[in-house]
Protein chains: 2
Amino acid sequence: MMLDSLDETWMTQALKQARLAGERGEVPIGAVIVRNGEIVATGSNWRETWRDPTAHAELVAIQEASRRLGTWRLTECDLYVTLEPCPMCAGTIMLSRIRRLVFGALDAKGGAIVSKVSLLQPGIWNHTPNITSGVLADECASILKDFFQGLRATRG
Amino acid sequence: MMLDSLDETWMTQALKQARLAGERGEVPIGAVIVRNGEIVATGSNWRETWRDPTAHAELVAIQEASRRLGTWRLTECDLYVTLEPCPMCAGTIMLSRIRRLVFGALDAKGGAIVSKVSLLQPGIWNHTPNITSGVLADECASILKDFFQGLRATRG
């Protein structure tokens, strides 16, 4: 079990990625992948810019980590993401053998870890990560709330 | 409801993609995406070659269709895939607004449509596709069985 303060350090980096997405007009969600105490990949939401339904922060980070490490097996990697993963991302985390998933805010509409379904609960699949939720949850939720409020103001 | 014979026509194309994967030494799974009676994208399994945990046939095909159509919303597209999708691919099918999912063989270990979980059952998510299973199921299963038997023989 890592110290909470270290989890918050990495989640702060994921929040930076989320802000980068927001500056591009994307829903602000960010992720980092940590291995041996270092960030090996970052990711943020590129869906609208790339016109790619798979370009969620987690997938972008996992693909980057696989490229950098030269393997699809990310067995010593921990993923930090600002929002509870959707089914696609939860499935990708499982397939890539990510060791630990740490997320910030809950996603009541689309979350596949605890909110809508519990896709990665032990006993279903060969591999599931350890999971920690709620790290910097308020900040992770605020950045999303502010983004959508800004959208509504712009669209009047 | 489409005629079974048309579904078999498209599944035959997905099987061709599966064979291409097998010739590369990848687990032979293939997919095609059909829109207005034409194939707009094909995909096969590239996981080992690309060292990418996300390079399943369905994801490769969906990303290709998004590139070709210039949008992440594949609302008029139907996906044919030789094997029951995993959670990642089922989630991606949902996110991309694919209209209809047609698959061949069941995946007892990893299937997220009916075998291990029923991720796309109506009532959970905003969008789920219509689903048809079992199209050319024997051929779709045989190509996988032959591949794994060949692997075991080689590894002796």
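This structure is a prediction, so every number in the text was calculated from the model and none was measured. Letters go in sequence order (proteins before strands), and every chain restarts at 1.
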> Rounded to the nearest 0.5 Å, how far apart are OG1 of B:Thr71 and CD of A:Glu48?
Replying inline: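 Reported value, rounded in 0.5 Å steps: 8.0 Å.
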> About how many Å separate CE of A:Met88 and CD1 of B:Ile62, when rounded to the nearest 0.5 Å?
Replying inline: 9.5 Å
> When you look at CD of A:Glu38, are more than 12 heavy atoms from neighbouring residues, nucleotides or ligands closer to it than 6.0 Å?
Replying inline: no
>> Before you tell me yes or no, could you show the steps for B:Thr92 and A:Thr92 under side chain to side chain contact (heavy atoms under 4.5 Å, CB included), namely the whole-Å CA-CA distance, both residues' side-chain angles and the distance that decides it to 0.1 Å?
In response: CA-CA 10 Å; B:Thr92 308; A:Thr92 308; over 6 Å; no
>> So for A:Ser96, is it side chain, backbone, both, or neither that comes closer than 4.5 Å to the heavy atoms of chain B?
In response: both
> Is there a side chain to side chain contact (heavy atoms under 4.5 Å, CB included) between A:Leu95 and B:Thr54 once you walk through the steps?
Replying inline: CA-CA 8 Å; A:Leu95 290 175; B:Thr54 74; over 6 Å; no
Group every Ile, Leu, Val, Met, Phe, Trp and Tyr by side-chain heavy-atom contacts under 4.5 Å, then state whether [X] and [Y] land in the same group.
X: A:Val60; Y: A:Ile93; value: no
X: A:Ile39; Y: A:Val102; value: yes
X: B:Phe147; Y: B:Leu20; value: no
X: B:Trp46; Y: B:Leu144; value: no
X: B:Val40; Y: A:Trp50; value: no

> Just checking, B:Arg47 and A:Trp72: is the charged tip under 6.0 Å from the six-membered ring centre and within 45° of the axis?
Replying inline: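 Because its charged atom sits under 6.0 Å from the ring centre and within 45° of the axis, B:Arg47 does stack over A:Trp72.
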> Of the backbone (N, CA, C, O) and the side chain (C-beta and beyond), which part of B:Ile124 lies under 4.5 Å from a heavy atom of chain A, both, or neither?
Replying inline: both
> With chain B, which of A:Pro87, A:Gly91, A:Cys86, A:Ser66 has the greatest number of heavy-atom pairs at distances under 4.5 Å?
Replying inline: A:Pro87
> Which pair of non-hydrogen atoms, one from A:Arg51 and one from B:Gly70, has the smallest distance, and what is that distance?
Replying inline: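 Shortest heavy-atom contact: CD-O, 3.0 Å.
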> Looking at side-chain heavy atoms only, is the closest gap between B:Val117 and A:Val117 below 4.5 Å?
Replying inline: no
